[in-house]
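Below is one structure, written out as structure tokens; comments come after it.
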Amino acid sequence: MVAITPGTGATIASPTAEGQAFLTLQWWQNMEEDASKNPTSIQRFTGSKGTDNDRFFSGSWQILAKQEIGPTGSLVITAESYLNNLTFSPGSPAGTFKSTNPAAYLLEILSFLMARQNDSTKNPEKKNYITGTFNAVSGVYLGQFSLPFATTMQANGTLDTPQEYLL
């Protein structure tokens with residue numbers, strides 16, 4: 001489990017990095033389905049949940065971004081939003097993930113998880129559930145995800161809970 005600190009009053013309040021990814025990817029799907037926020041019907045986030053023995057939320061993601069060299073020589077990546085009138089907050093104060101732009105917030109989470117996946121001390125089972133590449137010419141991060149979850153019965157339906165896979 002990768003425990004993180006969610007921001008106070010944040011739109012996404014999960015206390016794990018895996019939970020943040022699981023919920024933020026679904027948040028993006030919901031925003032894309034809202035015609036008032038997405039009048040051109042752009043689909044950059046796809047995903048579906050497996051049933052029966054296949055309990056993975058799987059799909060693809062695309063985040064538009066600009067890359068430049070900052071004043072100290074460091075690489076600066078700026079994710080761009082493309083939807084209208086989004087209401088999103090990392091919390092105040094912000095937690096582990098701090099971007100106020102929801103595209104940048106998700107890119108923070110996904111980059112964080114991919115870095116953990118590449119660290120054998122944090123990922124001894126070598127699970128590679130999130131992948132991504134950046135094309136500097138097109139300015140697009142492209143990737144795939146397959147996040148495990150568990151479903152439990154509740155009095156008023158079912159509840160899907162992301163499962164942690166990293167240390």
Side-chain angles (χ1 to χ4, degrees), residues 1-34 37-38 42-47 49 56-70 72 74-123 127-136 139-150 159-167:
M1 167 177 77
V2 183
I4 55 98
T5 302
T8 303
T11 302
I12 308 297
S14 176
T16 68
E18 296 94 337
Q20 288 274 324
F22 186 82
L23 295 173
T24 306
L25 285 160
Q26 290 177 81
W27 181 88
W28 269 106
Q29 284 187 290
N30 288 335
M31 295 303 106
E32 286 184 337
E33 291 171 6
D34 184 334
K37 294 179 181 358
N38 189 10
I42 296 170
Q43 298 294 308
R44 299 198 188 281
F45 301 93
T46 65
K49 292 179 184 171
F56 283 88
F57 175 46
S58 301
S60 63
W61 55 276
Q62 295 180 28
I63 298 174
L64 303 177
K66 290 182 181 174
Q67 224 179 25
E68 59 190 10
I69 304 301
T72 62
S74 60
L75 181 63
V76 177
I77 300 167
T78 306
E80 299 177 350
S81 247
Y82 59 95
L83 300 181
N84 303 320
N85 305 314
L86 296 177
T87 302
F88 182 89
S89 172
S92 182
T96 303
F97 307 115
K98 301 181 182 339
S99 295
T100 57
N101 169 337
Y105 188 87
L106 179 57
L107 188 55
E108 269 188 83
I109 297 165
L110 297 173
S111 297
F112 178 88
L113 287 169
M114 285 186 286
R116 295 284 274 226
Q117 286 177 168
N118 290 329
D119 182 340
S120 62
T121 64
K122 308 287 186 209
N123 188 11
K127 293 179 178 176
N128 197 24
Y129 291 153
I130 299 171
T131 62
T133 59
F134 180 69
N135 183 322
V140 177
Y141 273 96
L142 297 169
Q144 305 288 320
F145 62 90
S146 190
L147 299 169
F149 70 94
L159 175 67
D160 293 336
T161 306
Q163 299 298 291
E164 294 81 18
Y165 67 97
L166 298 168
L167 303 177

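Glu18 places no side-chain N or O within donor-acceptor distance of the main-chain N or O of Leu147, the cut-off being under 3.5 Å. The closest donor-acceptor contact from the side chain of Thr8 to the backbone of Gly91 lies at 3.5 Å or more, if one exists at all. Not one N or O on the side chain of Ser146 forms a donor-acceptor pair closer than 3.5 Å with the backbone of Ser58. In terms of modelled atom types and a separation under 3.5 Å, the side chain of Ser74 and the main chain of Gly70 share no donor-acceptor contact. Judged purely by atom type and a 3.5 angstrom limit, Thr11 uses its side chain to pair as donor or acceptor with the backbone of Ser89. Panel note: side chain Gln67, backbone Leu75; no donor-acceptor pair is recorded below 3.5 Å. Checked by atom type and distance alone, the side chain of Asp160 never pairs as donor or acceptor with a backbone atom of Phe149 at under 3.5 Å. No donor-acceptor pair under 3.5 Å is formed between the side chain of Asp34 and the backbone N or O of Asn30. Between the side chain of Gln29 and the backbone N or O of Gly47 there is at least one donor-acceptor pair closer than 3.5 Å.
The only option from Tyr129, Phe145, Phe22 that meets the ring pair (Phe, Tyr, Trp, His ring centres under 6.0 Å) definition with Phe56 turns out to be Tyr129. Each of Ile63, Thr133, Leu64 was compared with Val140 under the side-chain contact (heavy atoms from CB on, under 4.5 Å) criterion, and only Leu64 meets it.
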**Message:** Checking Glu164 against Val2 for the side chain to side chain contact (heavy atoms under 4.5 Å, CB included) test, could you report, in this order, the C-alpha distance in whole Å, the side-chain angles of both residues, the deciding distance, and whether it holds?
**Reply:** CA-CA 7 Å; Glu164 294 81 18; Val2 183; over 6 Å; no
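Atoms OG1 and OH, from Thr16 and Tyr165 in turn, are 10.5 Å apart once rounded to the nearest 0.5 Å.
For Lys98, the NZ atom is densely surrounded, since the number of other residues' heavy atoms within 6.0 Å is greater than 12. Crowding of Asn85 atom CG: a count of heavy atoms from other residues, nucleotides or ligands under 6.0 Å not exceeding 12.
Residues forming a side-chain hydrogen bond (donor to acceptor under 3.5 Å, both in side chains) with Thr78 (at least two apart in sequence, or on another chain): none.
The aromatic rings of Tyr105 and Phe88 sit perpendicular to each other, their planes meeting at more than 60°, with 30° as the lower class boundary.
Asn128 and Gln117 share a donor-acceptor pair across their side chains, judged by distance under 3.5 Å alone.
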